[in-house]
Each structure stands twice: as C-alpha cells, then as structure tokens.
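Sequence lines set the chain letters: A, B, ... in the order given, protein chains first and strands last, and positions in each chain run from 1.
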Protein chains: 2
Amino acid sequence: MVMNELKKLGLRLTPQRMAILKILEGNTTHPAAEEIFHQLMPQYPSLSIATVYNTLEILVKAGKLQEIRISSDKRHFDPNPVPHSHFLCRKCDAIFDLDNGSLDIEIPSNMEGHLVEDCAHYYYGICRNCRDERRDK
Amino acid sequence: MVMNELKKLGLRLTPQRMAILKILEGNTTHPAAEEIFHQLMPQYPSLSIATVYNTLEILVKAGKLQEIRISSDKRHFDPNPVPHSHFLCRKCDAIFDLDNGSLDIEIPSNMEGHLVEDCAHYYYGICRNCRDERRDK
DNA sequence: GTAAATGCAAAATTTTTGCACTAGG
DNA sequence: CCTAGTGCAAAAATTTTGCATTTAC
C-alpha cells in the first residue's frame, strides 16, 4: 500500500492525498491533473487544483507514480512506476499501457557517454477500438 | 532541399518560412518555437510567433520535421524526420540525438491490436558534458 | 486577382506561485 | 505546538484563434 510508504517518507496522510491515491490505484486510464480534480470535486468541493498538482509532483518524485508526456498538451499520470511503453490513439486520445510481456524496458546505463537514469517509449496510431469501429462501418 | 519539396505541396515560399527552414537545417540543438522566434527577431522584427507555430505545424504535418515531447513544459523540433532516440539532460536541459548506430528505431506495425504509425523513445539523465564537469570539481 | 500566409492581440490551456489559513502528527 | 499541507486567486508560460491586411504566385 502506497500510504504507509508515504508515511515513511515523512509525508502527511491528508484526506486530499488519500483521495488522490485512491483514484489512481489500479487506474489504467492515465488521467491528467484536471481529470483527477473533477472526479474529486463532488466529494471534496473545497479541493484545490494546486493541491492535486502538488500531490502528483510529490508522488512522482517519490517514485510512486510515472509521468507520461505522450500528449503534446498536457501531462498524464500512471500509478505503475515501472517503466513500460504507452500508446496514444490519434482518434480517441486514449492512452494504453503496452506490456512488453515480462520484459520491461531495459534502461541502458550509458548512451554515447550520457548517464541514463530513466526512459520513456511512446507509440502513436489508431487503437484497436477505433480500428474496429472503422471496420464495422 | 526542403524548399522545393514544399513548393510541390502547394505551399508558398514566404521569407518567413525560408528563414525558419534555414535556422532548422542541420540544427542539432532541437529548438522550441520561441527560440526560433527570438533568433529571427533581429532580422525580421515584424515576425509573429503565430507564424512560427503555423510554419512548424505545417512542416511536421508534411513530414519534414519531427516534434519532440521530451520536456514537460514545451515542444521542441528536430529537422531530422527519421525516427531516432533523444536524450534530455536533467541538469542543463540540453537535448541530444541518440543515433542508434545504423539501426533506426523500428516501428512495429501492430502492438496488442493497435495500429502503430509512429513512435518516440526518450531518455533522461545527466549528459556527458555535465557529468564531466562534476568529475572535475 | 485570389487564395494563402502574415501579424497582431486577445483568448484558451496548463501549470506554478505567494501567502494566509488549517490541520496532521 | 509547529511545520507541512491546503485553498485561493493571480500570474506565468505555452499554444491557439479570429480577423483584417499583405503578398506569393
């Protein structure tokens, strides 16, 4: 559970943080900050978008979340911090996880003299759902 | 030469476009729109940032440029449209091309049922220059 | 001459910041 | 208590848009 790990890092377990964590846990839709904010609005009317951004940044720095820069306009977030590929559909804008089988992406420690710490692999095209729709018509 | 290819696409060769193309040709610094704009300001004081964005979008759509979404805050551009990896230095924010030898990135046509048209591989860490600086001190 | 491109300024979006107030531990 | 965290509103930063004017062909 992520909550206990946060405690160990000296982070306070506020209701806002727990709610954000709950939304993200097991979530494969890769929401952006604003989507999380709107989902929580009904329950937490006083919640601030700044708090959402703040929490997401903390979680990314703590290695509990992964930031996804696949879309040109806004950042998305993945509760799975293990490096894996993502696919963005040009038609419906959905982001999919691509599980490279059991082989997660290997991060080369050194590339042309650069010290590599992290990596991201993004793929673009038409997702299987949109492709099927097209086929039906 | 890119200019002639643009003509074939029915695009007009305006001074602004040619200037933007000239700045990008052979450029390995991966400039953002604003950097291009500022480099051209002295020579083209009336140039509009909207024209820079417009031109960049046209060139990307025409397949003459590659958009780089490696940085979370702004988009960068690469005059080399062939898929290849990029490296972002967390210390100096420079973007480097990673030439995967002669093996360019292969785009799988199909991944888990999705139709893949394009891809991007990004790497993050400390570049060789910043690493060397650290070592000297 | 005419459609395409430009420049300008305003708007739209996303993200960040400063600061007073609140509350978790 | 006391510091970390929150909320608010304003600001910053990037990108887009509408429209009148200009210009490449």
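Under a hydrophobic-cluster definition in which Ile, Leu, Val, Met, Phe, Trp and Tyr are linked whenever side-chain heavy atoms come within less than 4.5 Å, directly or via other members, B/Ile68 and B/Ile23 are assigned to different clusters.
For C/dG7, one of the phosphate oxygens OP1 or OP2 lies less than 4.0 angstrom from a side-chain nitrogen or oxygen of B/Gln16. Between B/Asn54 and C/dT6 there is a side-chain N or O to OP1 or OP2 distance below 4.0 Å.
Taking the six-membered ring where tryptophan is involved, the planes of B/Tyr123 and A/His121 are perpendicular, since the angle between them exceeds 60° and thus also 30°. Classification of the A/Tyr122-A/His86 ring pair by plane angle, with boundaries at 30° and 60°, yields tilted.
What separates CG of B/Leu40 from P of C/dT6 is a distance of 12 Å, to the nearest Å. In this structure, B/Met41 atom CE and C/dC8 atom C1' are separated by 13 Å, rounded to whole Å. Put simply, CZ on A/Phe77 is 10 Å from C1' on C/dT15, counting in whole angstrom units. One can place CG of B/Leu6 at 15 Å from P of D/dA24, the figure rounded to the nearest angstrom. D/dA4 atom P lies 14 Å from atom CG of A/Leu9, rounded to whole Å. To the nearest angstrom, P of D/dT3 lies 18 Å from CD1 of A/Ile58. The distance between atom CZ of B/Arg69 and atom P of C/dT14, rounded to the nearest whole Å, is 14 Å. A/Glu67 has its CD atom 14 Å from the C1' atom of C/dT16, to the nearest Å.
The distance from atom NE2 of A/His76 to atom CG of A/Leu88, rounded to the nearest 0.5 Å, is 7.5 Å. Rounding to the nearest 0.5 angstrom, the gap separating the NE2 atom in B/His84 from the CG atom in B/Asp97 is 3.5 Å. Summarising the geometry, atom NE2 belonging to A/His30 is positioned 8.5 Å from atom CD1 belonging to A/Ile70; distances are rounded to the nearest 0.5 Å.
One finds a salt bridge joining B/Glu5 and B/Lys64 here, because a Lys/Arg side-chain nitrogen approaches an Asp/Glu carboxylate oxygen to under 4.0 Å.
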What pairs of nitrogen or oxygen atoms, one from the protein and one from nucleotides 8-15 of chain D, lie under 3.5 Å apart?
{"from": "D/dC8", "atom 1": "OP2", "to": "A/Ser46", "atom 2": "O", "distance (Å)": "3.3"}
{"from": "D/dT14", "atom 1": "OP1", "to": "B/Lys74", "atom 2": "NZ", "distance (Å)": "3.3"}
{"from": "D/dT15", "atom 1": "OP1", "to": "B/Arg75", "atom 2": "N", "distance (Å)": "2.9"}
{"from": "D/dT15", "atom 1": "OP2", "to": "B/Tyr53", "atom 2": "OH", "distance (Å)": "2.5"}
{"from": "D/dT15", "atom 1": "O5'", "to": "B/Tyr53", "atom 2": "OH", "distance (Å)": "3.3"}
{"from": "D/dT15", "atom 1": "O3'", "to": "B/Arg75", "atom 2": "NH2", "distance (Å)": "3.4"}

Expected rows: protein N/O vs nucleotides 21-25 of chain C N/O, under 3.5 Å:
{"from": "C/dG24", "atom 1": "N2", "to": "A/Arg12", "atom 2": "NH2", "distance (Å)": "2.9"}
{"from": "C/dG25", "atom 1": "OP1", "to": "A/Leu13", "atom 2": "N", "distance (Å)": "3.0"}

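Across all their heavy atoms, A/Pro79 and A/Gly26 have their closest contact at CG-N, 4.3 Å.
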Legend entry - Check against side-chain contact (heavy atoms from CB on, under 4.5 Å), A/Gln16 and A/Leu40: CA-CA 9 Å; A/Gln16 294 88 337; A/Leu40 290 175; over 6 Å; no
